> 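Before I ask anything, let me first share the structure, which is written out below as C-alpha cells.
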Protein chains: 2
Amino acid sequence: MKLHASAPRRATITDVAREAGTGKTSISRYLNGELSVLSPELRERIEAAIVKLDYRPNQMARGLKRGRNRLVGMLIADLTNPYSVEVLQGVEAACHALGYMPLICHAANEIDMERRYLQLLTTYRVEGVIVNALGVKEELLQTFAQGGVPVVLVDRSVEGLVTDMVGLDNPGAVALATRHLVEQGFDDVLFIVQPFTRVSSRRVREAAFRDTIAALGARGSTVVLELGDAAPALAAIDAHLGAAQASAPAMAREESRTKRVALFAANGPVALRVALHLKERYGADWQQRVALMSIDDSEWAELAGMTTVRQPTYDIGRRAVQFLHERLEGARMPARECLLPGELVARASTRRDTYKGN
Amino acid sequence: MKLHASAPRRATITDVAREAGTGKTSISRYLNGELSVLSPELRERIEAAIVKLDYRPNQMARGLKRGRNRLVGMLIADLTNPYSVEVLQGVEAACHALGYMPLICHAANEIDMERRYLQLLTTYRVEGVIVNALGVKEELLQTFAQGGVPVVLVDRSVEGLVTDMVGLDNPGAVALATRHLVEQGFDDVLFIVQPFTRVSSRRVREAAFRDTIAALGARGSTVVLELGDAAPALAAIDAHLGAAQASAPAMAREESRTKRVALFAANGPVALRVALHLKERYGADWQQRVALMSIDDSEWAELAGMTTVRQPTYDIGRRAVQFLHERLEGARMPARECLLPGELVARASTRRDTYKGN
DNA sequence: TTGTAAGCGTTATCAG
DNA sequence: CTGATAACGCTTACAA
C-alpha cells in the first residue's frame, strides 16, 4: 500500500517515456499531433502511459523551449463596468477558438495596478496584449511594441502610440442618439460625460455631440460629471431642467415634463448616477418627467425604460483578438482602426407617444 | 545606427551577465534579493546592466526551475453576475498583497468551458485554485487535490469534495430577509429561485427559507424560475399575486397593493428578471404595488428602491485567497468553512411607511 | 519509424 | 564573495 505522498509530483514527459518504454521524443511527437510518424503499436503504448499517469504537458516548459506560450494579456480598466465584461466575453471566445489563453488583468481603476500588471505581463512573456487602457503612459505600451509584442487597443486610443485599435464608432453612435432625440421633439440636449480631456473615447463623443447638435441646429451643452463627486454636475443638471421648466408655459399636470430637454449620458455608469439622482429628485416616476438616453445598454435600461445605444461589445472583443492573431501570424501592415456601429434601442423614456399631451 | 530587428528578443539573464561582466549566478542572486552577499561594486554593475538592457526575468523559466510559479487559478462561473466581479476584486487585491498572480478563467456558464479551463489550469501548473463552480464533477477538482494543489470553493460546495470553502452565511441571510418581510407586515412570501437541486447555495437558501417561514408561522412557498425560460414561473407568480389581491377586501385605489404578499428573489439575476416582468405587468410604478426583495445588492437596486441583502463579496474573495495561501504555506488541517454574514439594505419596496394606508 | 543530445532561461549545488 | 555546472520539462535538429 502506497503512503499518500504529500505532493505526488505530476508526471513529466520523462516518466511517460519510461512507462511507455520509449524516448521522450516520441512522446513529444505524440503530443504535437505528429501521429503519422508513429507506429500504431508505439502510439498505443504512449496513449496508455499517458492515461495511466494522468500526464499533462507542462505549458511553461513548452513555452520556454518553443519561445511562445500562447498567452495573451488582456488588461481591463474596470470590470465593474458591464461594457468590459461583455468585451471580455468576446475576447475569451475568440481566444479559445484560436488556441490562446487570455491572461486577464483587472486594473480596478487604479493606475498603479495598471502599470504593475503591464510589467507582470511582460514578465510572463505574453505574446500579445489587448488593452483597455486606464491611462497608461505611452512608454509602457511602447515597451511591448518595441519588444515585438503586438498591442491592440480597445475603446480608447493612447496618445503617441500607433497600433491597431477597435471600438465603437463613437461619432456615428452619438449622431444616431442625438438625431433620435431631436426627431422625438427634444431640441435642447444636455450631454453628460466624465472628465474627458484625457480619455479619447469620451473626448470623441463629446466633440461628436457638439458637431451633431450644430448640424441639426438644436440646442445643446455639455456637463462634466465626476463619478467620485457628482454633486456639482447634478446641480447643474437640475438648474438646466428647472430653467427649462420655468420658461415653459404652464401646462396640465400630466404634461409637466420638460418636454424639450433631454439628458444624454455618455456611458452606462454616468447614466446610472444620473438616474439615481433623478429618482431621488422626481420620485419613482422620474422617467415620465425627464428624458434620459445613454450610450451603453445597461442591464437596468429596460427596467427604467431608458433609451440607449447598444455597443457591439462582443464583436469588439472578437475583433481585437483577430487583429492580435493576425499580427502574431506575422502580418506586417500599418496600424488599423476598426470602428463598429452602435445600435439604437428606443424605449419609453424618449418616445413621443409615451407621454400624454404629445 | 541599428536597424530595428523585427523582434528584438528580450534580454536574458545571460545577456545581463555578459553586460555586467560576471556570471549568471550573481545576477540570479541579485534578482532574489540576496544582496548581502554581493560586493557593492558588483551590485552596481548588475543594476546598470539590468537597466540598460531593460531586463525582466522570465517567470516561466523561473517557475520551471523553482517548481512554483506564483500562479493561482480563479475559475468563475459567470462574470456577468456582478457578484462574481466583486468577489474577483477581493481575490485580486489579496493575491497582489501576497505576490500571487491570479489566472482568471471565465466559464461563461458553459460546462465545457469549465472543464476545459480546469484542464488548462493544471497544464499551467497553477499552485492553487479558487473555484466558483458551475457544476464541476467532483473528479475534476479531485485531480487538483490529489496532485497536492489546494482548492478553495466559493459560494457553493461540490458534492463529494471536502475542501476549504467560503461564502455567504445563507441561512442567516435568508432568515434576516424573511424576518424583515414578516416584520414589515408581509405574511405571505414567495421565494423565487433558479433550479436549485444541483447548486448547493441555492439549495441551502431554499431550505432556509422554508425553515424560517415555518419558525415564524408565516405563509410561504417556493417558485422555481429558469432564466432561460421564465414564463411558467412568472405566470405562477402572477397567479399567486392575483389570488391574494382577489381575496383581499376591496380597498381604495391607492391601497391596491397586495399588502401581505412579498416576492423574495434568491439572487440578483432572478430579481432582475422578476422586476422586468413586474414592470411590464404593473407599469413603471410596480414598486408601489408589489414588494420585491432580493439577495445580492445589484447596482440598480437603489434605482428600483428594492430591499436587498448585500453579500460581503469583497471579503469572500479575500478570505478565499487567505485560505489558499495558508495551504500553500503548508498548513495541514481539516477543511474549513467560512460563512460571512449578509447585510440587510432596507429600501422603499418593503418599508411599511412607504405605501399609503399602512 | 525511433532515439540522442543540445538547448530554452532560471535557480541550486558546489567548489574556488 | 563569486562563478562554473547541472538540472527543471519540453522541443527539435540530427542521427540511426
Side-chain angles (χ1 to χ4, degrees), chain A residues 7-47 49-50 53-71 122-127 147-148, chain B residues 7-47 49-50 53-71 120 122-127 147:
Chain A
R9 225 186 74 274
R10 281 217 82 94
T12 77
I13 201 174
T14 314
D15 299 328
V16 179
R18 195 187 316 111
E19 173 75 27
T22 177
K24 312 195 291 181
T25 313
S26 295
I27 311 297
S28 177
R29 291 216 176 88
Y30 177 87
L31 293 176
N32 294 294
E34 303 173 36
L35 321 143
S36 48
V37 287
L38 294 176
S39 69
E41 190 252 335
L42 214 207
R43 185 144 97 206
E44 276 189 24
R45 265 159 47 217
I46 294 182
E47 225 141 39
I50 289 186
L53 300 179
D54 186 31
Y55 170 68
R56 305 287 165 76
N58 183 331
Q59 284 299 341
M60 302 302 184
R62 244 184 218 228
L64 187 55
K65 182 67 196 150
R66 283 216 189 129
R68 31 174 249 179
N69 49 200
R70 309 266 77 188
L71 246 29
T122 118
T123 252
Y124 278 102
R125 297 293 188 273
V126 294
E127 297 182 34
Chain B
R9 222 185 75 277
R10 279 217 81 94
T12 78
I13 202 175
T14 313
D15 300 327
V16 179
R18 194 187 316 109
E19 174 74 26
T22 178
K24 311 196 290 183
T25 313
S26 294
I27 312 297
S28 178
R29 291 212 177 92
Y30 177 88
L31 293 175
N32 293 293
E34 303 173 37
L35 322 144
S36 49
V37 289
L38 294 176
S39 69
E41 190 252 338
L42 214 205
R43 185 144 98 207
E44 276 188 22
R45 263 157 51 214
I46 295 182
E47 224 142 41
I50 289 186
L53 301 179
D54 186 31
Y55 169 67
R56 304 287 164 76
N58 183 331
Q59 284 299 341
M60 301 303 185
R62 256 182 203 225
L64 185 55
K65 182 65 199 161
R66 285 221 261 240
R68 31 173 249 180
N69 49 201
R70 309 266 76 188
L71 245 31
L120 221 51
T122 120
T123 253
Y124 277 102
R125 296 295 189 273
V126 293
E127 298 181 32

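Only a predicted model underlies this, so the values are computations on that prediction, with no experimental measurement involved. A note on names: the letters A, B, ... follow the listed sequences, proteins ahead of strands, and every chain is numbered from 1.
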> Using a cut-off of strictly less than 4.0 Å, decide whether A:Tyr124 has a side-chain nitrogen or oxygen near OP1 or OP2 of C:dG9.
no
> Could you state the CZ-P distance from A:Arg70 to D:dT11, rounded to the nearest angstrom?
14 Å
> Strictly below 4.0 Å: does B:Ser26 bring a side-chain N or O up to OP1 or OP2 of D:dG3?
yes
> Starting at CD of B:Gln59 and ending at P of C:dG9, how long is that distance when rounded to a whole Å?
15 Å
> Specify the residue among B:Arg125 and B:Val37 whose closest nucleotide of DNA chain D lies further upstream toward the 5′ end.
B:Val37
> What contact category does B:Tyr30 fall into here, base, sugar-phosphate, or nothing, at under 4.0 angstrom with non-hydrogen atoms?
nothing
> Given atom CZ of B:Arg29 and atom P of D:dA4, what is their separation to the nearest angstrom?
12 Å
> Find out whether A:Gln59 and B:Met60 are in side-chain contact, i.e. whether some heavy atom of one side chain is under 4.5 Å from a heavy atom of the other.
no
> If you check the A:Pro57 side chain, which of D:dT2, C:dT11, D:dC10 turns out closest?
D:dC10
> Just so I know, are the side chains of A:Glu127 and A:Asn69 near enough to count as touching, which here means a heavy-atom distance under 4.5 Å?
yes
> Nearest to the side chain of A:Leu42 - D:dG9, D:dG3, C:dG3?
C:dG3
> Any side-chain to backbone donor/acceptor pair from A:Asn32 onto A:Glu34? Under 3.5 Å, distance only.
no
> Please evaluate residues B:Arg43 and B:Glu47 with respect to the criterion salt bridge (charged side-chain N to carboxylate O under 4.0 Å, His left out), reporting the C-alpha separation (whole Å), side-chain torsions for both, the decisive distance (0.1 Å), and the verdict.
CA-CA 6 Å; B:Arg43 185 144 98 207; B:Glu47 224 142 41; 5.4 Å; no
> I want to verify a distance call: between D:dT11, C:dT11, C:dG9, whose nearest atom is closest to the B:Leu64 side chain?
C:dG9
> For the side chain of B:Lys24, counting heavy atoms from C-beta on, which of D:dT2, C:dG3, D:dA6 is nearest?
D:dA6
> Using atom CD1 of B:Ile13 as one end and atom P of D:dT5 as the other, report the distance to the nearest whole Å.
16 Å
> When we call it a touch if two heavy atoms are under 4.0 Å apart, what does B:Leu38 touch: a base, just sugar-phosphate, or nothing?
sugar-phosphate
> Once you round to the nearest 0.5 Å, how far does CZ of A:Arg29 lie from OG1 of A:Thr25?
5.5 Å
> Could you state the CZ-P distance from B:Arg43 to D:dC1, rounded to the nearest angstrom?
11 Å
> Check every atom of D:dT11, C:dG3, D:dT2 against the side chain of A:Thr25 and return the nucleotide holding the closest atom.
C:dG3
> In terms of the nearest nucleotide of DNA chain D, which residue is placed more toward the 5' end: A:Thr12 or B:Gly23?
B:Gly23
> Looking only at side-chain atoms of B:Asn58, point me to the closest of D:dT12, C:dG9, C:dC14.
C:dG9
> What is the separation between atom CG on A:Leu31 and atom C1' on D:dT12, rounded to the nearest whole Å?
14 Å
> Would you mind reading off the distance between A:Arg68 atom CZ and C:dG9 atom P, rounded to a whole angstrom?
16 Å
> Which of the following nucleotides, D:dG9, C:dT10, C:dC14, is nearest to the side chain of B:Lys65?
C:dT10
> I need the CD1-P distance between B:Ile50 and C:dG9, as an integer number of Å.
16 Å
> Are any side-chain N or O atoms of A:Arg10 and backbone N or O atoms of B:Gly147, one a donor and one an acceptor, separated by less than 3.5 Å?
no
